[in-house]
Q: 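Structure in structure tokens, see below.
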Amino acid sequence: MIAAVVLTAGCTKETGYKTLIITGQNNHDWQSSSPVLKKILDETGMFSCEIAETPAAGGDMSTFNPDFSSYKLVVLDYNGDSWSDKTKSAFIDYMKNGGGLVVYHAANNSFPDWKEYNEMTGLGGWGNRSEKDGPYVYYRNDSLIVDETPGIGGTHGKRKEFLVRTRIADHPITKGLPARWMHGNDELYSLLRGPARNMQVLATAFADSAAGGGTMRDEPMLMTINWEKGRIFHTAMGHADKEGGPAMQCTGFIVTLQRGAEWAVTGNVTQQLPYDFPTAAGVVLRPDFKEITYKEALQNIRSYDIGKSTKNLVCIQSHITQLAGDKAGLLETEKDLVSILKDEKATAESKKLILRELSWMGTEYSVPAVKELVNNNDLKDEASFALSRLQAN
Amino acid sequence: MTKRTSRREFIKRSAAVTAGSIILPQIIPSTAMGMGGRPAPSDRIVMATIGTGSQGTGNMREFLKLKGQLQFVALCDVDKKHLEAAKDIVDQANGNKDCRTYGDFRELLEKEKLDAVSIALPDHWHGIIYSAAANHKLHVYGEKPICRTIKDGQTIVSAVQKNNIIWQTGSWQRSLFNFRRGAELAINERVGKVKYIEVGLPDGGRGIGTPPVMDVPPELDWEMWLGPALKVPYRGVSHWNWRWILDYSGGQMTDWAGHHIDIANWGAGLEHTGPVEISGHGVYPPEGIYNAPVEYDLHCKYANGIEMRVANASRLPHGMGTTWYGDLGWVHVDRGDILKASDKKILDEVIGENEIHLYKSENHYQNFIDSVKSGKPAIAPIEVAYRAISVVLLGEIAMTTGQTIKWDPEKEVIIDNPGASRLLSRPYRSPWTLPTV
């Protein structure tokens with residue numbers, strides 16, 4: 001019996017890895033964050049998530065007793081009262097048997113006195129953590145430092161956008177990721193400390209003097225930990241506002257969470273890196289936590305005007321790049337693009353973008369549609385540009 | 001001074017003098033009459049600067065340090081404010097107010113009687129203006145990257161060769177000790193035969209989002225700034241930051257190829273060839289007006305088996321700079337006098353008399369002036385600049401298409417790929433055309 005566990009919403013796909021998101025107590029807005037975590041993971045089609053809420057703070061924790069063994073992945077959005085010994089023991093067994101775990105943001109604050117849990121998270125903060133709990137771990141001058149200096153565990157400065165730096169580029173989670181990318185407005189967790197055993201720091205962020213705790217260290221943001229047979233993905237990012245907010249909408253947060261979750265289950269990552277992963281050029285948000293598909297981009301780009309988002313174009317360009325060498329696929333894409341040229345409702349600015357793409361990837365199929373625009377006052381330069389290239393060989 | 005002389009020939013002490021042409025009066029200031037041990041004005045190189053932004057002005061200041069050896073008489077820019085600021089510098093150096101200013105390079109080339117020109121412009125203008133200067137038989141100090149496309153580059157190389165002018169690329173690292181020494185160690189196989197080279201170029205920076213259309217500032221001739229590029233409304237990007245927009249430049253990757261790839265080629269004997277296979281991956285900003293890749297990772301194979309990786313610095317173990325690898329270790333060079341090796345003993349190696357000694361220059365600007373006077377090639381000639389930039393221009397095509405590009409470095413064509421081949425040039429907006437050489 002798990003009387004007090006509330007199971008919200010069913011599975012999106014029965015074939016997905018069964019996933020249990022645990023929340024119910026947190027110093028953060030868990031009512032906002034946990035549905036977003038579910039949405040982000042369900043979006044991949046790889047997970048089917050349930051949300052389990054513990055009793056409220058001070059409640060009877062013995063009633064919280066999920067059947068961990070029936071899940072492939074546990075996601076902790078929890079920072080609260082200690083679980084019952086029985087539940088802790090079941091969780092340890094789950095992990096010993098090769099369970100997958102995602103530790104999200106303030107979950108690394110939780111359970112300061114639970115030895116095994118802190119071994120699983122690798123690093124934690126607050127909860128009177130100090131040198132007794134383990135060293136600080138961070139990067140300085142591009143070297144990983146394990147620092148036994150006495151002091152508090154856990155701090156952060158004012159929220160801000162910050163640059164995340166990939167430290168291990170050949171891990172399945174980070175493979176192909178930009179070396180540096182801007183993260184949406186978030187708390188930059190600093191001075192985390194813990195056992196840090198069998199832990200890899202995949203990415204860091206620099207906590208400068210103005211904000212972020214001012215440690216002047218490159219603080220760990222994404223980590224993996226191997227504990228017994230279990231695999232743990234730990235993200236220190238993603239502070240929740242009402243309905244998520246920029247830290248959770250950040251494509252970098254979303255995609256690393258999705259990839260980290262898959263790795264925690266299988267030890268591998270099969271997800272393609274999306275076209276909209278942020279770079280050092282700036283933050284990229286997914287306001288509804290979803291990736292725009294190629295088909296959506298084909299539709300959306302028709303209303304493009306100067307000053308509007310260029311995301312749809314980048315999506316189309318990425319689609320073309322991925323079709324490299326696939327002549328049939330490229331011809332289909334060419335036809336899609338030509339249909340935009342012929343669409344009377346599509347803006348001139350959108351057609352200018354399309355003409356540039358067709359200039360190199362088009363074939364004779366495009367020529368008549370491009371020729372028609374050579375005398376169009378708004379489009380003659382771009383049409384001539386495209387035609388000149390299309391007829392070059 | 002009323003006879004038109006090809007000043008270049010004159011300087012080379014040639015007797016060739018043609019009479020009858022009409023020229024602008026050449027005003028020689030009294031302070032420049034060859035007194036006090038300085039060269040007579042007729043021996044001075046008469047120069048102009050086209051493009052008086054930060055790089056063009058910086059180059060001009062370096063040339064002006066070579067006191068008495070040259071004189072600037074004219075300037076050209078599409079931004080009147082830049083032009084005025086540069087004129088002040090030149091007038092002060094000349095001790096008069098005579099420096100002439102132009103908004104159109106064609107007028108400058110037509111009217112001025114020059115020996116040489118220093119050019120620093122957005123890349124999309126290089127094909128036309130470098131070729132035009134060469135066709136006017138002017139010696140050129142030209143900024144890298146020397147071209148925006150392979151086709152532009154081929155045209156410039158032809159123009160420079162046909163007119164037999166002195167060309168110096170602004171690849172000034174060649175004139176620094178650590179780069180020459182590192183390249184010399186590599187080419188003399190002090191790490192063994194070079195098999196693999198890593199080239200780290202800067203990471204891309206932050207974007208500015210998608211700014212709105214703005215009024216063109218009164219000092220700026222926006223139409224002329226755009227020139228052969230597609231017409232777009234002014235959105236506040238005309239100086240410096242044009243580099244992050246693909247219509248004008250290829251971002252950090254193409255900007256820095258003329259430095260660290262140039263050095264890589266120098267130390268590996270690849271100066272006069274190109275890769276045969278190029279593949280790569282670019283990370284483009286998903287949002288905003290800046291669309292040049294912020295990260296990039298290229299892999300190139302050469303016919304002789306050497307492989308080269310070109311990537312943004314954060315992706316590479318040695319970060320920025322050039323690293324040559326052979327069976328015996330590696331040598332790494334970068335700015336800040338950095339010269340490192342896998343074993344310090346490599347750095348103490350002596351290069352024997354009969355081994356390869358690379359061209360030695362200790363001042364990139366002086367080297368250009370010396371070459372103009374002597375007629376001997378400068379340290380960074382056009383052909384090697386073209387080969388350095390072609391690596392990343394081909395890489396850009398690999399990144400855009402997602403395909404592995406096969407390149408014939410002799411015939412300078414992409415093999416069996418019509419779509420990718422179209423990216424070897426950018427059509428020019430009417431009425432601009434690339435000169436046929």
Side-chain angles (χ1 to χ4, degrees), chain A residues 142 161 163 165-166 169 176-182 251 273-285 305-311 313-315 317-318 320-326 330 349 352 355-357 359-363 380-382 384-393, chain B residues 151 203-213 226 229-233 235 244 246-247 251 279 281-295 297 311-317 319 397-404 417-430:
Chain A
D142 291 344
E161 295 181 349
L163 192 70
R165 178 132 182 226
T166 304
L177 246 59
R180 296 146 74 246
W181 52 276
M182 283 302 293
T251 306
L273 201 66
Y275 69 92
D276 61 343
F277 199 92
T279 66
V283 171
V284 181
L285 303 180
D305 206 348
I306 286 176
K308 283 193 177 175
S309 169
T310 52
K311 211 170 175 181
L313 175 69
V314 179
C315 177
Q317 287 171 330
S318 161
I320 294 170
T321 310
Q322 280 167 20
L323 285 170
D326 171 3
L330 284 169
E349 290 301 327
K352 286 180 185 177
L355 282 164
R356 288 167 186 237
E357 295 309 309
S359 77
W360 74 268
M361 61 78 67
T363 64
K380 58 179 190 299
D381 285 348
E382 281 75 9
S384 302
F385 177 95
L387 200 61
S388 166
R389 264 188 177 161
L390 284 165
Q391 295 181 332
N393 48 45
Chain B
K151 178 82 181 298
D203 298 312
R206 287 206 74 170
I208 53 168
T210 50
V213 176
L226 287 169
L230 283 169
K231 186 157 187 156
V232 293
R235 295 164 76 180
W244 326 122
L246 291 172
D247 277 1
S279 57
H281 171 68
V283 183
Y284 293 82
E287 280 284 4
I289 188 173
Y290 295 166
N291 59 0
V294 181
E295 298 202 18
D297 208 333
N312 57 296
S314 292
R315 291 175 174 245
L316 296 178
I397 295 173
M399 284 155 52
T400 303
T401 60
Q403 299 171 24
T404 297
N417 194 332
S421 297
R422 287 188 213 138
L423 292 167
L424 292 171
S425 66
R426 290 180 80 84
Y428 283 179
R429 183 169 60 110
S430 180

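Computed from a prediction, not measured in an experiment: that's the story for all the values here. Here is how names work: the chains are called A, B, and so on, in the same order as the sequence lines, proteins then strands, and each is numbered from 1.
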Q: Give, as side chain, backbone, both or neither, the part of B/Glu287 having an atom under 4.5 angstrom from any heavy atom of chain A.
A: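 For B/Glu287, the contact with chain A is made by backbone and side chain together.
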Q: Show the nearest heavy-atom pair for residues B/Pro286 and A/Thr310, with the distance to one decimal.
A: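 Heavy atoms only, the tightest pair is O-OG1, 3.8 Å.
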Q: Would the distance check show the side chain of B/Arg206 and the main-chain N or O of A/Met182 forming a donor-acceptor pair, the cut-off being under 3.5 Å?
A: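 Absent.
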Q: Based on non-hydrogen pairs under 4.5 Å, which of B/Gly319, B/Gly402, B/Ser314 is most in contact with chain A?
A: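 Among B/Gly319, B/Gly402, B/Ser314, the one with the most close pairs to chain A is B/Ser314.
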Q: Minimum heavy-atom separation for A/Ala179 and B/Arg315, please, with both atom names.
A: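 For A/Ala179 versus B/Arg315, the nearest heavy atoms are CB-CG, 4.1 Å.
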Q: Sort out for me which of B/Val213, B/Asp203, B/Ile289, B/Val232 touches chain A most, counting heavy-atom pairs under 4.5 Å.
A: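 With the most close heavy-atom pairs to chain A, the winner is B/Asp203.
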Q: I'd like to verify something: which residue of A/Leu323, A/Val314, A/Thr279 has the highest number of heavy-atom pairs under 4.5 Å with chain B?
A: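 Answer, by heavy-atom pair count under 4.5 Å with chain B: A/Thr279.
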Q: Measuring heavy-atom distances to chain A, does B/Arg235 have an atom under 4.5 Å in its side chain, in its backbone, in both, or in neither?
A: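 Just its side chain gets close to chain A.
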Q: Between B/Gly205, B/Gly209, B/Ala313, which residue shows the highest count of heavy-atom pairs closer than 4.5 Å to chain A?
A: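 Counting heavy-atom pairs under 4.5 Å, the top option is B/Gly205.
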Q: Counting heavy-atom pairs closer than 4.5 Å to chain A, which one of B/Val283, B/Thr210, B/Asn291 comes out on top?
A: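 Highest number of pairs under 4.5 Å: B/Thr210.
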Q: Under 4.5 Å from any heavy atom of chain B, what part of A/Glu357 do you find: side chain, backbone, both or neither?
A: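 Neither part; nothing is under 4.5 Å.
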Q: I need the residue from A/Gly176, A/Gly362, A/Ser384 with the largest number of non-hydrogen atom pairs under 4.5 Å to chain B.
A: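 Most heavy-atom pairs within the cutoff with chain B belong to A/Gly362.
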Q: What heavy-atom pair brings A/Asp381 and B/Lys231 nearest, and what distance separates the two atoms?
A: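 That closest heavy-atom pairing would be OD2-CB, 3.7 Å.
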Q: Take A/Arg389 and B/Arg426, measure what side chain to side chain contact (heavy atoms under 4.5 Å, CB included) needs, and give me the verdict at the end.
A: CA-CA 8 Å; A/Arg389 264 188 177 161; B/Arg426 290 180 80 84; 3.6 Å; yes
Q: Pick whichever of A/Gly325, A/Ser309, A/Gly282, A/Ala386 has the most heavy-atom pairs under 4.5 Å with chain B.
A: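 Most pairs with chain B among the choices: A/Ser309.
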Q: Only pairs of heavy atoms separated by less than 4.5 Å count here; which of A/Gln322, A/Met361, A/Glu382 has the most with chain B?
A: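 With the most close heavy-atom pairs to chain B, the winner is A/Glu382.
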Q: Which value, rounded to the nearest 0.5 Å, describes the distance between B/Met399 atom CE and A/Thr321 atom OG1?
A: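 Reported value, rounded in 0.5 Å steps: 9.5 Å.
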Q: Please determine, among B/Thr404, B/Val294, B/Asn312, the option with the most heavy-atom pairs under 4.5 Å with chain A.
A: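 Result: the option with the highest number of such pairs is B/Val294.
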Q: Heavy-atom distance under 4.5 Å to chain B: side chain of A/Leu177, backbone, both or neither?
A: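 Looking at A/Leu177, just its backbone touches chain B.
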Q: Chain A heavy atoms under 4.5 Å from B/Tyr290: which part of the residue, side chain, backbone, both or neither?
A: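 Looking at B/Tyr290, nothing touches chain A.
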Q: Going through the checks in order, is the side chain to side chain contact (heavy atoms under 4.5 Å, CB included) test met by B/Ile397 and A/Trp360?
A: CA-CA 10 Å; B/Ile397 295 173; A/Trp360 74 268; over 6 Å; no
Q: So which heavy atom on B/Glu295 is nearest to which on A/Arg180, and how close?
A: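 Result for this residue pair: OE2-N, 2.8 Å.
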Q: Quick one: what part of B/Asp297 sits under 4.5 Å from any heavy atom of chain A, side chain, backbone, both or neither?
A: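 Contact with chain A is absent: no heavy atom of B/Asp297 under 4.5 Å.
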Q: Under a 4.5 Å heavy-atom cut-off, does chain B meet the side chain of A/Phe385, its backbone, both or neither?
A: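 Both backbone and side chain.
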Q: Answer with side chain, backbone, both or neither: which region of B/Thr400 has an atom nearer than 4.5 Å to a non-hydrogen atom of chain A?
A: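 Answer is both: backbone and side chain atoms of B/Thr400 are under 4.5 Å from chain A.
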Q: Could you tell me which of A/Ser359, A/Pro278, A/Ala169 has the largest number of non-hydrogen atom pairs under 4.5 Å with chain B?
A: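 With the most close heavy-atom pairs to chain B, the winner is A/Ser359.
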